[in-house]
Amino acid sequence: MPELPEVETTLRGISPHLLNQKIEAITVNQPQLRWLIPDSVIQLANVTVISLERRAKYLLIQMDNQQSLIIHLGMSGSLRFCHPSDERRKHDHVIFHLNDTQELRYHDPRRFGCFLMEPTTSVFEHPLLIKLGPEPLCSDFNPDYLIALAKKRHKSIKTLIMDQHVVVGVGNIYACEALFSAGIHPATICNKVPTKKLKALVSAIHEILTAAIAQGGTTLKDFVQSDHQPGYFAQQLCVYGRANQPCPTCDTEITVMTLGQRSTFYCSTCQK
DNA sequence: CGAACCTCCTGCGGGC
DNA sequence: TGCCCGCAGGAGGTTC
């Protein structure tokens, strides 16, 4: 579920409530996520949040004890604010106790998310973060960069842009949408994509992610923002999840194929 | 090194 | 109605 826009939406939702807020304690109901939640997280108490940021799909929460919490939402994770008396739902695995009227709950049915702790000074050197590619919305991700990479790799353009070591934050939904926007068939081997189209692809990724963030992300099944509202970008998807429906541009039926073991949606007329 | 496949887990929708 | 199967937005690990 959460791709970059959903993680960014979560960050923007939780930041105002967590910044300078004290975390009194943490309750872990289910420690087995993608990896076991470490004791350093479980034992966290009486710390104050001093900054929050996002790197790729990771949330980084810096605290006043020189430690930073690294959270990944996996495929089905979400963070939302609740009143302590609100009924606890199945799969509410982690509870941040903030004060008498508010707590933050991490909910993740599939348990592919993770919670890690790292000294703040070395958080970006963490093995999970150090090899990540550039942020898609920063100037390091530009046509020259993608053209140089595409030239020396041999895989489909779709799996290239979904590789977090190439560019972060582009998941299956937005990869499909960006390739549609740029008019590129997703199975094209990346070194065969014309330079002009690679330039269009960089722009498309930038525009689609920006638009999705503005809409609060995409809610397909159960993604909700931290205030429990859904994201509204799903209404603007052109190809993703629209198998056999007409292409919004030319009315050709949208095709589905599998690439890198992921469902891939495209228009066989618009994308060559 | 790069590419392709496997894997973790639960929930849901479609088909019978 | 209910059961079973396949599939789902991520991405690290393994293997070749």
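Naming convention: chains lettered A, B, ... in sequence-line order (proteins, then strands); numbering from 1 in each chain.
Salt bridge annotation for A:Glu6-A:Lys57: absent, with no cationic side-chain nitrogen under 4.0 angstrom from a carboxylate oxygen. Between A:Arg105 and A:Asp86 there is no salt bridge, since no side-chain nitrogen of the basic residue lies less than 4.0 Å from a carboxylate oxygen of the acidic one.
Contact between the side-chain N/O atoms of A:Lys155 and the OP1/OP2 oxygens of B:dG2 is not found at any separation under 4.0 Å. Close to B:dG11, at under 4.0 Å from its OP1 or OP2, lies a side-chain N or O of A:Lys90. OP1 or OP2 of B:dG11 has at least one side-chain nitrogen or oxygen of A:His91 nearer than 4.0 Å. Residue A:Tyr174 has no polar side-chain atom (N or O) positioned under 4.0 Å from OP1 or OP2 of C:dG10. The side chain of A:Arg34 contributes no N or O atom lying less than 4.0 Å from OP1 or OP2 of B:dC9.
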* Asked: Given pairs defined as Watson-Crick or G-U wobble with both distances under 3.5 Å, what dot-bracket annotation applies to DNA chain C, with ( ) intrastrand, [ ] crossing, | other strand and . unpaired?
  -> .|||||||.|||||||
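The distance between atom CG of A:Leu129 and atom P of C:dG12, rounded to the nearest whole Å, is 10 Å. Summarising the geometry, the separation between CG on A:Asn244 and C1' on B:dG14 is reported as 15 Å, rounded to the nearest angstrom. Separating the CZ atom of A:Arg262 from the P atom of C:dG12 is a distance of 13 Å, rounded to the nearest angstrom. As a whole-Å value, the separation of A:Leu33 CG from B:dC8 C1' is 11 Å. When rounded to the nearest whole Å, the span between CE of A:Met75 and P of B:dC12 equals 15 Å. When the C1' atom of B:dA3 is taken as reference, atom NE2 of A:His165 falls 12 Å away, rounded to whole Å. We find that CD of A:Glu6 is positioned 16 Å from C1' of C:dA11, with the value rounded to whole Å. Residue A:Gln164 contributes atom CD, which lies 16 Å from atom P of B:dA3 at whole-angstrom precision.
Where A:Trp35 and A:Asn172 meet DNA chain C, the nucleotide closest to each residue was compared, and A:Asn172 sits on the side nearer the 5' end. Two residues, A:Gln32 and A:Asp163, neighbour DNA chain B, and the one matched to the more 5' nucleotide by heavy-atom proximity is A:Asp163.
Residue A:Phe112 and nucleotide B:dC8 are classified as a stacked aromatic pair, their ring centres being separated by less than 5.5 Å at an interplanar angle below 30°.
Checked by distance alone, A:Arg153 brings no side-chain donor or acceptor within 3.5 Å of a matching partner on the base of B:dG2. For B:dC9, the base has a donor-acceptor partner in the side chain of A:Arg110 [N/O atoms by modelled type, under 3.5 angstrom].
Base contact: A:Gln261 has a heavy atom under 4.0 Å from a base atom.
Judged by distance alone, with hydrogens and angles left aside, the side-chain atoms of A:Lys197 form a donor-acceptor pair with the main-chain N or O of A:Gly183 at under 3.5 Å. Counting only distance, with no hydrogens or angles, the side chain of A:Tyr106 and the backbone of A:Ile71 share no donor-acceptor pair below 3.5 Å. Put simply, the side chain of A:Gln164 gets close to the backbone of A:Met162: a donor and an acceptor are under 3.5 Å apart.
Open room surrounds CD on A:Gln66; 12 or fewer heavy atoms of other groups in view lie less than 6.0 Å from it.
B:dC9 and C:dC3 are spaced 24 Å apart, taking the P atom of each and rounding to whole Å.
Donor-acceptor pairing under 3.5 Å is lacking for the side chains of A:Ser181 and A:Glu177. Between the side chains of A:Lys22 and A:Asn99, no donor-acceptor pair of N or O atoms lies under 3.5 Å.
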